[in-house]
Amino acid sequence: LVADTGSWTYGELDRAAERIAAGLLAADVPDGARIGVMLERSPELIATVLGVLKAGAAVVPLDPNYPRARIDVMIDRARPFRVIADLAEVRALMELPARTTLPAIDPESVAYVLFTSGSTGEPKGVAMPHRALHNVIEWQNRCPSGAVGGSTLQFFPLSFDVSFQEIFSTLCGGGTLRLLSEEQRKDLPALVRLVADEEIERLFLTCVVL
């Protein structure tokens, strides 16, 4: 991971995720529980997503930039066992000792729950199993344009499903994931310069952004 605040190796990311998983399991998070993740963009956000999955739980992304009323609706409908919303809490979990064993993950269990925009009605939570995520990442990294091992811009917020393709196709392909702040993401001229200066090889963009 590369961010303006520093870089994390795969080893550092994995150790952080395993300690977060250990902290969740020590708090008796049930297998298959939903865990709300409402953190600003950061390496700790990526580590928390991985830690939740390693603990056998499902991620419910809650964008801190959403209106509070929408967040409340998502929490009410997803009914997460716990919401992680403080980087200090994540860093405390990262100080815990890792466990020697973590639960095996059933491919049919839920990896994450994302909510629709609600533009045609009430927002609905869509549950994505591990097998479906695995299949799309396997397919993507076999494509000639997969840029396996290269650098990918992590552009989309976690609450948008393409973010999971950005994150997992990069990590599963041994690449570098370049994280952005919310301010950088919205400053398109600066973003163009960053892509050029840092030789970003892969972007996932909506047509309007492109």
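Everything numeric here is computed off the predicted structure, so don't read it as measured data.
Separation of atoms CD (Gln184) and NZ (Lys186) is listed at 12.5 Å; rounding is to 0.5 Å. Rounded to the nearest 0.5 Å, atoms CD (Gln165) and OG1 (Thr152) are 11.5 Å apart. Taken to the nearest 0.5 Å, the CG atom of Leu13 stands 5.0 Å off from the CG atom of Leu1. Put simply, CD on Gln140 and CD on Glu166 are 9.5 Å apart, with the number rounded to the nearest 0.5 Å. Taking OG from Ser181 and CD from Glu40, the interatomic distance works out to 9.5 Å, rounded to the nearest 0.5 Å. Distance CD1/Ile137 to CZ/Arg142: 11.5 Å, rounded to 0.5 Å.
Side-chain contact between Val73 and Arg70: absent, with no pair of heavy atoms (C-beta onward) separated by less than 4.5 Å. Side-chain contact between Leu114 and Val60: absent, with no pair of heavy atoms (C-beta onward) separated by less than 4.5 Å. Residues Tyr10 and Leu171 form a side-chain contact, since some pair of their non-hydrogen atoms from C-beta on lies under 4.5 Å apart.
Both Trp8 and Ile46 are part of a single hydrophobic cluster, where members link through side-chain heavy atoms under 4.5 Å apart. Under the 4.5 Å side-chain heavy-atom criterion for ILVMFWY residues, a single connected hydrophobic cluster contains both Ile75 and Val113.
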Side chain to side chain contact (heavy atoms under 4.5 Å, CB included) evaluation trace for Ile20 with Leu50: CA-CA 9 Å; Ile20 291 168; Leu50 292 174; over 6 Å; no
Verdict with reasoning, Gln154 to Ile167, per side chain to side chain contact (heavy atoms under 4.5 Å, CB included): CA-CA 7 Å; Gln154 207 281 290; Ile167 295 166; 3.9 Å; yes
Chi angles and distances behind the side chain to side chain contact (heavy atoms under 4.5 Å, CB included) call for Leu53, Phe168: CA-CA 12 Å; Leu53 297 180; Phe168 286 98; 3.7 Å; yes
Worked verdict on Met38 versus Tyr66 for side chain to side chain contact (heavy atoms under 4.5 Å, CB included): CA-CA 10 Å; Met38 190 167 66; Tyr66 277 175; over 6 Å; no
Under 3.5 Å, side-chain donor or acceptor atoms of residues 81-92 against the rest of the protein: list the pairs with distances, not counting sequence neighbours.
from  : atom 1 : to    : atom 2 : distance (Å)
Arg82 : NE     : Glu89 : OE2    : 3.3
Arg82 : NH2    : Glu89 : OE2    : 2.7
Asp86 : OD1    : Ala88 : N      : 2.9
Arg91 : NE     : Glu44 : OE2    : 3.3
Arg91 : NH2    : Glu44 : OE2    : 3.4

Can you list, pair by pair, the side-chain donor-acceptor contacts under 3.5 Å of residues 122-133, counting residues two or more places apart and other chains?
from   : atom 1 : to     : atom 2 : distance (Å)
Glu122 : OE1    : Arg77  : NH2    : 3.3
Lys124 : NZ     : Glu122 : O      : 3.4
Arg131 : NE     : Glu108 : OE2    : 2.4
Arg131 : NH2    : Glu108 : OE2    : 2.8

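With side-chain heavy atoms closer than 4.5 Å counting as contact, directly or through intermediates, the hydrophobic cluster containing Ile200 also holds Leu153, Phe155, Phe156, Phe160, Val162, Leu180, Leu188, Leu191, Leu194, Val195, Leu203, Phe204, Leu205, Val208, Val209, Leu210. Cluster partners of Leu102 are Leu25, counting Ile, Leu, Val, Met, Phe, Trp and Tyr whose side-chain heavy atoms approach within less than 4.5 Å, directly or via other members. Through side-chain heavy atoms spaced under 4.5 Å, either directly or across other Ile, Leu, Val, Met, Phe, Trp or Tyr residues, Val192 is tied to no other residue.
Legend: residues meeting side-chain contact (heavy atoms from CB on, under 4.5 Å) with Pro189, ordered by chain and number and at least two apart, are Asp187, Arg193. Taking the side-chain contact (heavy atoms from CB on, under 4.5 Å) definition, one finds that Thr176 meets it with Val2, Ser151, sequence neighbours left out. When the side-chain contact (heavy atoms from CB on, under 4.5 Å) test is applied to Ala3, the partners found at least two apart in sequence or on another chain are Thr5, Pro43, Leu179. Remark: Glu182 pairs with Arg41, Arg185 by the side chain to side chain donor-acceptor pair (under 3.5 Å) rule, at least two apart or across chains. For Ala57, the side-chain contact (heavy atoms from CB on, under 4.5 Å) partners two or more places apart in sequence, or in a different chain, are Val29, Ile35, Val52. Arg178 meets the salt bridge (Lys or Arg N to Asp or Glu O under 4.0 Å) test with Asp4, Glu198; sequence neighbours excluded.
Residues Ser159 and Asp63 share a closest heavy-atom pair of OG-OD2, 3.6 Å. Contact detail for Ala55 and Ala21: the closest heavy-atom pair is N-CB, 3.8 Å. Of all heavy-atom pairs spanning Ala22 and Pro97, the tightest one is CB-O, 3.6 Å. Summarising the geometry of Leu96 relative to Gly23, their closest heavy-atom pair is CD1-CA, 3.5 Å, with the distance given to 0.1 Å. Residues Gly51 and Leu24 come closest through the heavy atom pair O-CD1, 4.2 Å. Smallest separation of non-hydrogen atoms from Ile105 and Gly56: CD1-CA, 3.6 Å.
With Arg34 contributing its side chain and Ala78 its backbone, the two residues share a donor-acceptor pair below 3.5 Å. Distance alone, capped at 3.5 Å, is enough to place a donor-acceptor pair between the Asn141 side chain and the Ser169 backbone. In this structure, the side chain of Glu12 engages the main chain of Thr9 through a donor-acceptor pair within 3.5 Å.
Note on residues 92-112: pairs passing ring pair (Phe, Tyr, Trp, His ring centres under 6.0 Å), not counting sequence neighbours, are Tyr112-Phe164.
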